[in-house]
Number of protein chains: 2
Amino acid sequence: MKSKLKMKFLQQASAIKALSHPTRLLIVNMLSKRDICVCELTKAIGNDISTVSKHLSVLKNAGLVDINRKGNRIFYKLKCPCILEFMSCVAKILEISAKEKRRHI
Amino acid sequence: MKSKLKMKFLQQASAIKALSHPTRLLIVNMLSKRDICVCELTKAIGNDISTVSKHLSVLKNAGLVDINRKGNRIFYKLKCPCILEFMSCVAKILEISAKEKRRHI
DNA sequence: TGTCTATTTTGCCAAATAACCAAATACATG
DNA sequence: CATGTATTTGGTTATTTGGCAAAATAGACA
């Protein structure tokens with residue numbers, strides 16, 4: 001049996017993994033402003049709609065977004081705004097790391 | 001040419017990707033307490049040492065850890081403690097997501 | 001220098017991921 | 001019910017990832 005700690009990291013890693021793709025970050029960023037349907041996201045992203053739909057299902061399976069049907073369109077919605085906090089953590093880490101790099105040149 | 005925004009998300013995604021594996025989260029967790037050498041990490045993790053070394057190089061390439069040789073051992077060091085903030089963001093997201101799930105059962 | 005220990009690199013394989021296209025599904029409305 | 005629009009699913013292909021084992025490298029020290 002896996003230890004409780006390992007289980008926790010496994011769970012955390014899958015949530016993080018869902019956010020480890022630039023397209024999905026773009027999606028999260030757009031959804032942080034308002035709920036958006038697949039076709040509009042697709043226009044902004046530029047990939048095939050099936051590709052975008054698959055990215056959305058990754059986010060949905062990770063429990064990061066919810067769906068909301070209106071007529072024949074499906075709007076995606078960010079589940080916790082706290083994902084934005086997460087994103088600013090990432091930005092901060094990158095900033096610090098870049099600063100470090102500059103210092104060592 | 002890629003837009004500046006897309007570049008930013010690409011960069012952020014690679015940092016996040018480096019943290020999207022349970023073994024690497026375990027490593028980060030251990031390194032948050034003190035600097036540790038590869039062999040000790042290997043003992044705690046249970047994989048082959050070459051596998052652990054590869055995970056460490058992923059973290060190093062992402063700019064998340066630094067190395068520090070002492071005698072014939074190499075100690076790994078967490079570069080920004082802010083990664084822990086990041087981890088508590090993740091924990092918070094999961095907590096909220098789990099709470100949501102319970103409510104909908 | 002030769003040997004020991006610690007670590008990294010390389011080669012290989014299986015599994016996972018991401019992209020596209022085509023086909024299937026879901027719903028709205030004529 | 002038939003058609004149109006929005007979305008998802010399945011198949012295919014190319015790339016990446018994660019694991020181990022064996023070989024290579026780096027430094028310590030006799």
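Order of the sequence lines fixes the chain letters, A, B, ..., with proteins taken first and strands second; residue numbering starts at 1 for each chain.
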- Given axes from five pairs at either end, by how many degrees does the helix from C:dT1-D:dA30 to C:dG30-D:dC1 bend, rounded to 10°? 10°
- Message: Going by side chain to side chain contact (heavy atoms under 4.5 Å, CB included), B:Leu78 matches just one of B:Leu64, B:Asp35, B:Ile83. Which one?
- Response: B:Ile83
- Query: How close do A:Leu94 and B:Ala15 get, heavy atom to heavy atom, and via which atoms?
  - Reply: CD2-CB, 3.9 Å
- For the pair made of CG in A:Asp48 and P in D:dT8, what is the distance, rounded to whole Å? 13 Å
- Item | Atom pair distance, as rounded to whole Å: CD1 in B:Ile49 and C1' in D:dT25 | 14 Å
- Message: For a quick check of understanding: with a heavy-atom distance under 4.0 Å over all strands, which category does A:Tyr76 fall into, base, sugar-phosphate or nothing?
- Response: sugar-phosphate
- Task: Report yes if some heavy atom in the side chain of B:Leu19 is under 4.5 Å from a heavy atom in the side chain of B:Leu59; otherwise report no.
- Result: yes
- Query: Checking A:Ser20 side chain against A:Lys17 main chain: does a donor-acceptor pair fall under 3.5 Å?
  - Reply: yes
- Item | Considering all heavy atoms, the nearest A:Thr51-A:Asn47 contact | CG2-ND2, 3.9 Å
- Message: Expressed as a whole number of angstroms, how long is the span from B:Asn72:CG to D:dC29:P?
- Response: 8 Å
- Nearest-angstrom distance from the residue atom CG of A:Leu56 to P of D:dT8: 7 Å
- Quick one: do B:Asp66 and B:Lys77 make a salt bridge, cutoff under 4.0 Å? no
- Could you identify which residues of residues 14-47 of chain B place a heavy atom less than 4.0 Å from some atom of DNA chain C, listed by residue number, or say none? B:Cys37, B:Val38, B:Cys39
- Query: Over how many whole Å does the gap from A:Arg73 atom CZ to D:dT5 atom C1' extend?
  - Reply: 10 Å
- Message: With nearest nucleotide decided by heavy atoms, which residue, A:Lys54 or A:Ile74, maps closer to the 5′ end of DNA chain D?
- Response: A:Ile74
- Given atom NE2 of B:His55 and atom C1' of D:dG18, what is their separation to the nearest angstrom? 6 Å
- Message: For a quick check, tell me whether the side chain of B:Lys70 and the base of D:dG27 share a donor-acceptor pair closer than 3.5 Å.
- Response: no
- Assign A:Ser50 to base, sugar-phosphate, or nothing according to its heavy-atom contacts below 4.0 angstrom with the strands shown. base
- Side chains of A:Leu41 and A:Met30: does their closest heavy-atom pair fall under 4.5 Å? yes
- From the 5' end of DNA chain C to its 3' end, which nucleotides mark the outer limits of contact with chain B, defined by a 4.0 Å heavy-atom distance cut-off (strictly under)? C:dT5 to C:dG11
- How about B:Arg69 and B:Ile74: do any of their side-chain heavy atoms sit closer than 4.5 Å? yes
- A:Arg73 versus A:Cys37, closest heavy-atom pair with distance: NH1-SG, 3.6 Å
- Message: Between A:Arg24 (side chain only) and A:Ala18 (backbone N and O only), is there a donor and an acceptor less than 3.5 Å apart?
- Response: yes
- Run the numbers on B:Met87 and B:Leu25 for side-chain contact (heavy atoms from CB on, under 4.5 Å), then give the verdict. CA-CA 9 Å; B:Met87 291 308 300; B:Leu25 291 183; 3.7 Å; yes
